[in-house]
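Quick notes on the structure that follows.
Every number for a ligand or one of its atoms is a count from 1 in the order of the listing.
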Amino acid sequence: MAKTNKSDFLVNQVRRYLEPGPIVLVSSRWQDKTNIMTLGWHTVLEFSPSLVGLMISTGNHSHHMIRESRECVINLPTTKLTDTVVGIGNTSGAEIDKFEEFGLTVEEASEVDAPLISFECRLHEDALVERYNFFIFEVVKAHVAPSPKHPETLHYTGDGVFMVSGKIISRRSQFRPEML
Ligand SMILES: Cc1cc2nc3c(=O)[nH]c(=O)nc-3n(C[C@H](O)[C@H](O)[C@H](O)COP(=O)(O)O)c2cc1C
């Protein structure tokens, strides 16, 4: 790699560079109560079955609801929902009803700007929950609006700052077929 001018960087801030996945809203239901939280720490683990891992901190009310119900829905908000994303991520379902507070319907959709994409998940593996708060889910059903193909998503860089997805670059012809 080319030599560049680099300086020491705080290891607890590397998230700024490694956390590019879209911010999601994770909704849950347990004993007739619903809740929703903002989440940035997730990763895809397998194509088929469709596995994704989510880090849901034990301090969050959602952690307990999802641990009990073993289910959640991952919703993908676009930039239109930025303030809602921030609001949902700075309030707790232990204290307020966030669906009521943020004008969401129980189908996880906002009355005005519904998330375009939602994935219904079932807990696949809980071996890492106790130690790392890491839940591995199988996406059992996916609902995706046909357009836009590349929604304008939010990507958190820490410190209250988001990047927004933008330019699309294709190198499809250079990919091995099994990689597509
Ligand atoms: C941009 C953003 C990203 C967040 N990412 C995560 C995350 O990856 N994991 C997590 O446990 N909490 C994350 N949070 C914090 C929760 O959303 C927050 O603690 C929320 O109040 C939890 O709500 P609950 O107590 O109703 O579950 C994030 C918050 C924001 C604003």
Side-chain angles (χ1 to χ4, degrees), residues 10-45 50-110 113-139 151-166:
L10 290 171
V11 291
N12 65 4
Q13 300 289 317
V14 296
R15 57 185 289 183
R16 178 169 158 195
Y17 300 99
L18 291 179
E19 220 179 34
I23 280 293
V24 296
L25 296 173
V26 178
S27 49
S28 50
R29 186 197 297 266
W30 169 240
Q31 289 185 335
D32 292 335
K33 293 254 162 58
T34 53
N35 194 26
I36 188 159
M37 69 173 284
T38 301
L39 182 138
W41 292 3
H42 57 79
T43 183
V44 172
L45 293 166
S50 175
L51 301 183
V52 292
L54 309 186
M55 197 297 290
I56 307 175
S57 172
T58 185
N60 292 327
H61 192 55
S62 303
H63 176 105
H64 307 287
M65 291 183 64
I66 291 169
R67 217 167 162 172
E68 294 294 341
S69 70
R70 303 175 73 83
E71 287 176 349
C72 73
V73 178
I74 300 173
N75 305 279
L76 193 75
T78 59
T79 49
K80 283 185 181 174
L81 287 176
T82 304
D83 291 332
T84 305
V85 162
V86 173
I88 288 172
N90 284 279
T91 49
S92 179
E95 283 148 21
I96 58 163
D97 179 340
K98 289 197 241 182
F99 279 82
E100 201 179 297
E101 178 78 18
F102 298 101
L104 308 171
T105 67
V106 176
E107 289 78 43
E108 297 85 41
S110 139
D113 295 309
L116 300 167
I117 293 171
S118 57
F119 304 140
E120 291 174 25
C121 300
R122 196 168 296 144
L123 190 61
H124 177 80
E125 171 67 69
D126 62 4
L128 297 176
V129 171
E130 196 63 39
R131 186 150 184 197
Y132 295 107
N133 297 326
F134 192 72
F135 294 71
I136 299 177
F137 290 101
E138 179 179 354
V139 180
E152 194 178 65
T153 48
L154 291 161
H155 302 253
Y156 193 49
T157 66
D159 210 25
V161 174
F162 298 87
M163 283 192 307
V164 174
S165 63

Using a plain distance cutoff, I'd like to know if [X] has any nitrogen or oxygen under 3.5 Å from a nitrogen or oxygen of ligand 1.
| X | answer |
| --- | --- |
| Gly40 | yes |
| Phe162 | no |
| His63 | no |

*Return yes when atom CZ of Arg16 has more than 12 non-hydrogen atoms of other residues, nucleotides or ligands closer than 6.0 Å, and no otherwise.*
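Result for CZ/Arg16: open.
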
*Just wondering, more than 12 heavy atoms not from Asp159 lying within 6.0 Å of its CG?*
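Check fails, neighbour count at 12 or below.
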
Give the minimum heavy-atom separation between [X] and [Y], together with the two atoms involved.
| X | Y | answer |
| --- | --- | --- |
| Met55 | Phe134 | N-CD1, 4.2 Å |
| Pro77 | Ile23 | CD-O, 3.3 Å |
| Phe135 | Leu123 | CD2-CD1, 3.8 Å |

*Would you give the length of the straight line joining atom CZ of Arg122 to atom OG of Ser69, rounded to the nearest 0.5 angstrom?*
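So the CZ of Arg122 and the OG of Ser69 are separated by 11.5 Å.
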
What protein heavy atom is closest to [atom], reported as residue, atom name and distance in Å?
| atom | result |
| --- | --- |
| atom 18 (C) of ligand 1 | Gly89 O, 3.2 Å |
| atom 21 (O) of ligand 1 | Thr91 O, 2.6 Å |
| atom 27 (O) of ligand 1 | Ser62 OG, 2.5 Å |
| atom 8 (O) of ligand 1 | Trp41 N, 2.9 Å |
| atom 9 (N) of ligand 1 | Met55 O, 2.8 Å |

*side-chain contact (heavy atoms from CB on, under 4.5 Å) partner of Ile136, the single match among Leu45, Thr43, Val52, Asp126*: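 Going through Leu45, Thr43, Val52, Asp126 one by one, the side-chain contact (heavy atoms from CB on, under 4.5 Å) with Ile136 is satisfied by Leu45 alone.
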
Provide the number and element of each atom of ligand 1 under 4.0 Å from a heavy atom of [X].
| X | answer |
| --- | --- |
| Asn35 | 24 (P), 26 (O), 27 (O) |
| Gly93 | 24 (P), 25 (O), 26 (O) |
| Ile23 | 1 (C), 3 (C) |
| His61 | 24 (P), 25 (O), 26 (O), 27 (O) |
| Ile56 | 11 (O) |
| Ser57 | 10 (C), 11 (O) |

*Does at least one non-hydrogen atom of Lys98 fall below 4.0 angstrom from an atom of ligand 1?*
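Yes, Lys98 has a heavy atom closer than 4.0 Å to ligand 1.
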
*So is Val86 close enough to ligand 1, meaning a heavy atom under 4.0 angstrom away?*
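False for this residue.
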
*With atom 14 (N) of ligand 1 as the reference point, say which of Asn60, Thr38, Val161 has the nearest heavy atom.*
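The nearest heavy atom belongs to Thr38.
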
For residues 56-65, which side-chain donor-acceptor pairs fall under 3.5 Å, sequence neighbours excluded?
{"residue": "Ser57", "atom": "OG", "partner": "Gly59", "partner atom": "N", "Å": "3.4"}
{"residue": "Ser62", "atom": "OG", "partner": "Asn35", "partner atom": "ND2", "Å": "3.3"}
{"residue": "His63", "atom": "ND1", "partner": "Ile56", "partner atom": "O", "Å": "2.8"}
{"residue": "His63", "atom": "NE2", "partner": "Arg67", "partner atom": "NH1", "Å": "3.3"}
{"residue": "His64", "atom": "NE2", "partner": "Thr58", "partner atom": "O", "Å": "2.9"}

*Any luck finding a side-chain donor-acceptor pair between Thr79 and Glu152 under 3.5 Å?*
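Side-chain D/A pair, Thr79 to Glu152: present.
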
*Modelled atom types, side-chain donor and acceptor of Thr153 and His155, under 3.5 Å*: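 Yes, a side-chain donor-acceptor pair sits under 3.5 Å.
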
Sequence neighbours excluded and cut-off under 3.5 Å, please list the side-chain donor-acceptor pairs for residues 91-101, or say none.
{"residue": "Thr91", "atom": "OG1", "partner": "Gly87", "partner atom": "O", "Å": "2.8"}
{"residue": "Ser92", "atom": "OG", "partner": "Ala94", "partner atom": "N", "Å": "3.0"}
{"residue": "Asp97", "atom": "OD1", "partner": "Phe99", "partner atom": "N", "Å": "3.0"}
{"residue": "Asp97", "atom": "OD1", "partner": "Glu100", "partner atom": "N", "Å": "3.2"}
{"residue": "Lys98", "atom": "NZ", "partner": "Ile36", "partner atom": "O", "Å": "2.8"}
{"residue": "Lys98", "atom": "NZ", "partner": "Ile88", "partner atom": "O", "Å": "2.9"}
{"residue": "Lys98", "atom": "NZ", "partner": "Thr91", "partner atom": "O", "Å": "2.7"}

